[in-house]
Structure formats: structure tokens, C-alpha cells
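Written below as C-alpha cells is the structure these notes are about.
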Amino acid sequence: MRDTFYVTTPIYYVNGAPHIGHAYTTVVADALRRFHSLRGRRARFLTGTDEHGLKIEREAAARGMKPLDFATENADRFRALWPLLGVAPDDFIRTTEARHIAGVQKWWQTCAARGDIYLGRYKGLYCVACEGYKTEKELLDGGLCPVHERPVETLEEETYFFRLSKYQDALLKLFRETSFIQPETRRNEMIAFVEQGLEDLSISRTSFEWGIKVPGDPRHVVYVWFDALFNYRTALEADPALEAFWPPTVQLVAKDIVRFHTVYWPAFLMSAGLPLPETVFSHGYLLSAGRKTSKTPGQGGPAAVSYTTNPAKLVGALGADVLRYYLLRDVVFGNDSEFQVPNVIARARAELAETVGNLLNRTLPFVTRVFDGRVPSVDAALCGEREAELVAHGAKVAVDSGALWETFAHHRAIELCLELARLGNQYFDTQAPWKLAKSEADRARLGTVIAHVLAVVRTVATMLAPVIPVKAAAMLGQLGLQLEAREGHDAWPAALTFVPADTVIAPGEPVFLKYDAKTEAELLAALKADAPAVATPAAPEAPKVDAPVAEIAFDDFAKVDLRLGTVLSAEKVPKKDMLLKLSVDLGEAAGPRTIVSGIALAYKPEALVGKQVVVVANLAPRDFGKGLVSHGMLLACGPKESLGVATFDRAFAPGTRVK
RNA sequence: GCCGAUGUAGCUCAGUCGGUUAGAGCAGGGGAAUCAUAAUCCCAAGGUCGUAGGUUCAAGUCCCACCGUCGGCACCA
């Protein structure tokens, strides 16, 4: 293993505020960085923001801002979040910084000199309304744009291409022969993807301006992936001393951007003549859709409650370490996971407070009362089978847990720490130090027992330091210790590590909060998705008001046939998080209509049955695939997670015209 | 449709090269103890390992089919 470690997160697109998914990736990166630092490696952790592109240009224009000002505003929200989470990147790069722009242009020229970039024409099916290209597969029958249901046109545009096709074989070899892509399932997908053939990649645009100018051809801006991906490299280039970190040890990505990081990116690097990252690890999603329902038949079960996923709010209520613990311990790294606040609390209570914290709390009083606040020594003559077992197990856990971290199985590494803490509690119970403390004759034996328990606490706290840095330091502090991570010194325990005899302990308040029923109820109330923002005044999203639409004549309005309808039934559309399939009675002889509506994030199907809604009745049918066709549209407003459907304050016959 | 992954206790997950009565934590049940934030410890219960076949002395593990779930099938980040 190299003695340097370099971890990156994706650079986040600044078209919105950070959410729990960003927090997740970044917390994992931070923990990995801390783990490797603890092992004495020279470690570096990079995150940042991706700030170019049409979306930013437009969004900024809609607010009457300059793109850079808009991007800065959002970039600052990301930057401000990390300290709240105990996340400490070594560098934060923005794609709008001079160092990055210069770097991208340099690497562009390098690839061009290599013969891998050429000017050509991109021919595609263009939807004027979307201002974007469509693939044939996503078009509706008759070649209509799926969004606007209007014909697309074939359009040709001048663009620079990257000779991606040239790297097909090299990529396949890379995928097949190394663990470049993890986990396995992503690797298989990418092998299948590359096997079906790679076309050259369009890497410039002329349709917008907010980007890095192509060297020597300022009509073009560098397309987002050639721009963004190079951040991992350009961030190291200002200081020659940082060259040692290249290539990245591991690059974390969410599974939606695996292809860009495992196909395009290594191809760019091969072209640029740079060594490739060792691993690109794709983690899963944190799901928060609250689609959980009781599985107990016959029982409705408690209604699913959805909780906030705003990271700042969560941290405000729970604290950074509790949230970090959950993200690193409960989520199987690589798998999707349901993010549920009650689970966060349950983990923290059972594992941190009651198992690890309590082991510390129940031990320190003996040191204070019996040994005058100084850690007792071990009397080897008084050690028996139980002690040997504890020591052996501690060594095994330390070694195995470290190994699991190295292979991105930190969730299991943490579980081993818990196992050791439980063993400590068992040992404590069987040795019953409170009995030994009653007789002066047992003093040496008591000291030996206490010293062993403290060793367990120390070892566990040290191994949890990458996960819960503040709490781990607090535990070690009560033991009179400090965690020192410095380069060249492996501070990860290789065995059960005793606290030196005579160390002066510093007992204090319990390190972990007690989540009793009352505290839990309060927390849950404060973290409900619709709880008033009083709990933590995390800046609420400024309500966005859509730009006014051009004036129309009354006759134009009259073309829209709005009707009142009664919802007869509603069900989720499988695999489509946002969609509900409704059966709506419009009083028509032909019977109720099927209407598909993108309101599933805000409404449960059963909540809509019987409701009277406003329907655009003469809208052309829209095909959602798999035989699902929508005949009309519901009127609604608001953000998609909390929108409201239009309705009236009194009932009318289905089919009544709305005007 | 094609390709891939996955299905183990109520929940979340382990289960190595096929090898004894399939494991852990949490939740629920019973008990012990009183050092500790009522925190701990012990015991019992809980499984047709998705279904049906096959290979084998032996299958959770290997093979085939089917079912369920999730994902991938390029310029959309």
C-alpha cells in the first residue's frame, strides 16, 4: 500500500442547496481521510463545486444575477456545510477558479497534441423547446419529444470530439483486470456498456457561453465533463509538492455518475498521459421517499412519517457525530439505504450511548474512588483465561477492522468495534469489579480488571475516531489521553491497547447524549419534514417565482378545456417515484379517464380518492410507456415534494367546466 | 426486450474453498445483577435460506428454470 492517500468526492453542481446525498458522500470521504491519516499515511481529501453550464447560466439570468455570483452563492452553502458535519477537506476547488481553468485548457491542449481531439459535426435530434438533443430511444412514437410532444428536428452543430473509441480496448482491460470499478455490480455494468462499442464524445458546445473557452477557438466552451472531471487533477497543480498524491487512491461517486468517472475520465487521463486512479467507488442512494408502509397484514400500522433530509437541520438537532455514525455504520457502503431519522436515534442510543459510552461511564468511578484518579496497572500474575480472551479478541478486532476499512467495508469495521465493546461489558459483568472493590485484599485484582476494561475503551475509541472524531476525542480525553495522528506513525491499534498506568483520568459529563423516550419524541417532532422551521433556523429556501409568461388573448385561454373531476382511485406507478396513476370521473359517457400525474412525492394515493380536482381535459394524450397513457393533466402548484393540487371549496358535478 | 445484481429470523445484515445442530445486532418474551445516563449481563423463542428441479456422500453455498426487487443499456447532470 502506498504511503499516500488521496480521496475525492464529486464536485457538486451548484444549481441548488446541498442535500443529504451530498453530505453522505462527503462524510464518507472525510472518514476515509481520517482513517488513513490515523494509519500514518500522508492523506489528502478534495471536494468542491462544479459551476459551469447552461443550467447555471439560465438560473442566474432568471434571477438577474451574473453566473459567477449565483454560483458563488451556492458554492458557499456547500462550503459552509462541511464544518457543521465535522468534515475537513484539505482543499475545496471550484471550476470557476483560475487554477482550474488554466489546468483544463492545458490538458485540453495535451490531449489535442496527442491527436485525440478533432473538430467535427455533431448530428442529433434536437428539440427546439428543450434546447437539447434527444436520443432516438427516448422519443415518443412518431418522433415526438417526450417532454414537449412536438417533432424534433435533425440538427448539426460544430463541435470538438474526443477520440473515445480509441480507448475501448484499454478500458475493457482496465475493468477486467483491476478493481478500478467497485463494487462488482457497477463494474459489470460498465463492461457491458463498453463492450457494445464506444463512439467519440462531443466535448465542446457553442450553444451557451458559461464555461471554459476552448484553447484557440473561443467560439466553443469546454463541455461539462471534460471541464469538471479534471478538477481532481488541477487541484494538485498549484503546488508541486502535491504531485505526490497523484493518482487518487479512491474517488467516491454516486451511482448516477459512474459512467463519466469510469469510462470518460480514465480515457481522458490515458490521453493526457497521466496515471489512473486506483479505484472509483460507487455508493448507493439514501432514499427518503417515506414509501415505507406497514407490512403487517390487517394492521394499518402507523402512518409513515417523513422527516427532513436537510443536513444542516439534522446536524442541528442530532449533532454531527451521531449523523456521521449512522451514515457510516448503518448504510452498507455501496447499497441503497432508507434514510430514517428514528434509525439514526436508535443506533446512537443502543450502540454509542448504551454500549460504548456506558462502558466508559461505569468504569471511571472505580479509578476515581479506588485508585485516586490514576489508571491502575495490570498484575500479570492475576491475569487468567478471561483476560487472555479479551486481549486476543481485541487484537483480532483491531487487525480485522483496519483491513475492512482498507476495502471500503467501514460499516463492518465499525460493527467489529461494537463487538469488542460488548465483550468489554460482558467481561465487566463477569468480573464484577464492584464486588472486588469491597475488600482491600482484592485491590490488585480490581486494578487489573479495570485496566483491561479501560484498554477496551481506549482501543474502541481510537478505532471510532475516523467516524466520530469529536466524541472519540472526548472519550480519550476522559481517559487522560490524546489521539495523535502524524505522518509516518501508525496510530491504528494493532492490539488491545492499554492506558499507561498512572495516567490521570479526567472524568466529565457522559460523552453521549441519552436518547430517552422524551428526548426522542422531541427530536422526531422537530425533524418532521413539515415541522415549522423554528427548531433550527436553517435558511429556508427563498420562494422562487416563475418568470411571467407572455400575454395571451381570451380566445387562447378558451382553448383550454378545464373540467372538474372526481378521483375514483389512485395508485403509485411502479418504478416512478413521482407518478400516480389516477382514475378520474369527468362525467363522461365513456367512463372515467386515466390520468398520470407527477404528484406522488406530495400525495399518498389514498389521500386523493374522492377529491375533486381540476383537469385539463383536452390535452393531447401522453404515453408513459408500458401501456400507460395519460388522458389529461391535473392542475397543481408548488415544489414537487410539497405541492398542492387545485380544487374547489365546494363540490360540483364531475365534468363541470372551470372558467 | 437484452444484460447484471440481489432474495437468509419481525427489521438491518454476516455466512470463507460445498462439510457437524444456519449466525450477529436491533425489536419483542423471561430472568440476574446494582459499578454505570434504568445504562449492563444471561436465557429462551424466532429460519422450508424466494420457488421448483439438478449435480454431489454432503448444497444457504455449485448448475438450470421460474418468481420478486433493484440497477444498467452514452452526450441528461
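For B:U34, there is no paired nucleotide, since no Watson-Crick or G-U wobble pair has both relevant distances below 3.5 Å. B:G25: Watson-Crick or G-U partner is B:C11, with both key distances under 3.5 Å. Summarising the base pairing, B:C2 is matched to B:G72 through a Watson-Crick or G-U wobble pair whose two defining distances lie under 3.5 Å. Remark: B:G60 base-pairs with no nucleotide in the shown strands. Criterion, Watson-Crick or G-U wobble with two distances under 3.5 Å.
Looking at A:Asp429, its side chain has no donor and acceptor atom pair within 3.5 Å of the base of B:A33.
Taking every side-chain heavy atom of A:Glu189 into account, B:G71 is the closest of B:G71, B:A77, B:C35. Taking the side chain of A:Lys514 as heavy atoms from C-beta on, and the options B:A38, B:U40, B:C26, the nearest nucleotide is B:A38.
The side chain of A:Tyr223 contributes an N or O atom lying less than 4.0 Å from OP1 or OP2 of B:A77. Side-chain nitrogen and oxygen atoms of A:Gln426 include at least one within less than 4.0 Å of the OP1 or OP2 phosphate oxygen of B:C42.
Between the CZ atom of A:Phe193 and the P atom of B:C2 there is a distance of 21 Å, given to the nearest Å. For the pair A:Glu520 CD and B:A39 P, the computed distance is 12 Å after rounding to whole Å. Separating the NE2 atom of A:His52 from the P atom of B:C76 is a distance of 20 Å, rounded to the nearest angstrom. We find that CD of A:Glu59 is positioned 14 Å from C1' of B:A77, with the value rounded to whole Å.
Using a 4.0 Å heavy-atom distance criterion, A:Gly197 is classed as a base contact. Counting non-hydrogen atoms under 4.0 angstrom, A:Pro433 reaches nothing in the nucleic acid. Residue A:Asn361 is classed as a base contact, given a heavy-atom separation below 4.0 Å to a base. Residue A:Arg369 is in sugar-phosphate contact alone, with no base atom involved, counting any heavy-atom pair closer than 4.0 Å across all strands shown. Nucleic acid contact class of A:Leu360 (heavy atoms, under 4.0 Å, all strands): none. As judged by a 4.0 angstrom heavy-atom cut-off over every strand, A:Arg329 is placed among residues making no nucleic acid contact.
By the side chain to side chain donor-acceptor pair (under 3.5 Å) test, A:Ser202 pairs with A:Thr159, A:Arg205, sequence neighbours left out.
Projected onto RNA chain B by closest heavy-atom contact, A:Glu351 and A:Arg347 fall at different nucleotides, the more 5' of which corresponds to A:Arg347.
Only the P atoms considered, B:G4 is 35 Å distant from B:G47, to the nearest whole Å. When the C1' atom is compared between B:U12 and B:C73, the two are found 31 Å apart, to the nearest whole Å.
No option in A:Phe180, A:Phe281, A:Tyr232, A:Phe268 other than A:Tyr232 meets the ring pair (Phe, Tyr, Trp, His ring centres under 6.0 Å) test with A:His261.
Checked by atom type, the side-chain pair A:Thr185/A:Asn188 shows no donor-acceptor distance below 3.5 Å.
Contact check on A:Arg412 versus A:Glu415 returns no salt bridge, with no Lys/Arg side-chain nitrogen under 4.0 Å from an Asp/Glu carboxylate oxygen. Salt bridge annotation for A:Glu419-A:Arg422: absent, with no cationic side-chain nitrogen under 4.0 angstrom from a carboxylate oxygen. Between A:Glu509 and A:Lys514, none of the side-chain N atoms (NZ, or NE/NH1/NH2) sits under 4.0 Å from a carboxylate O, so this pair counts as no salt bridge.
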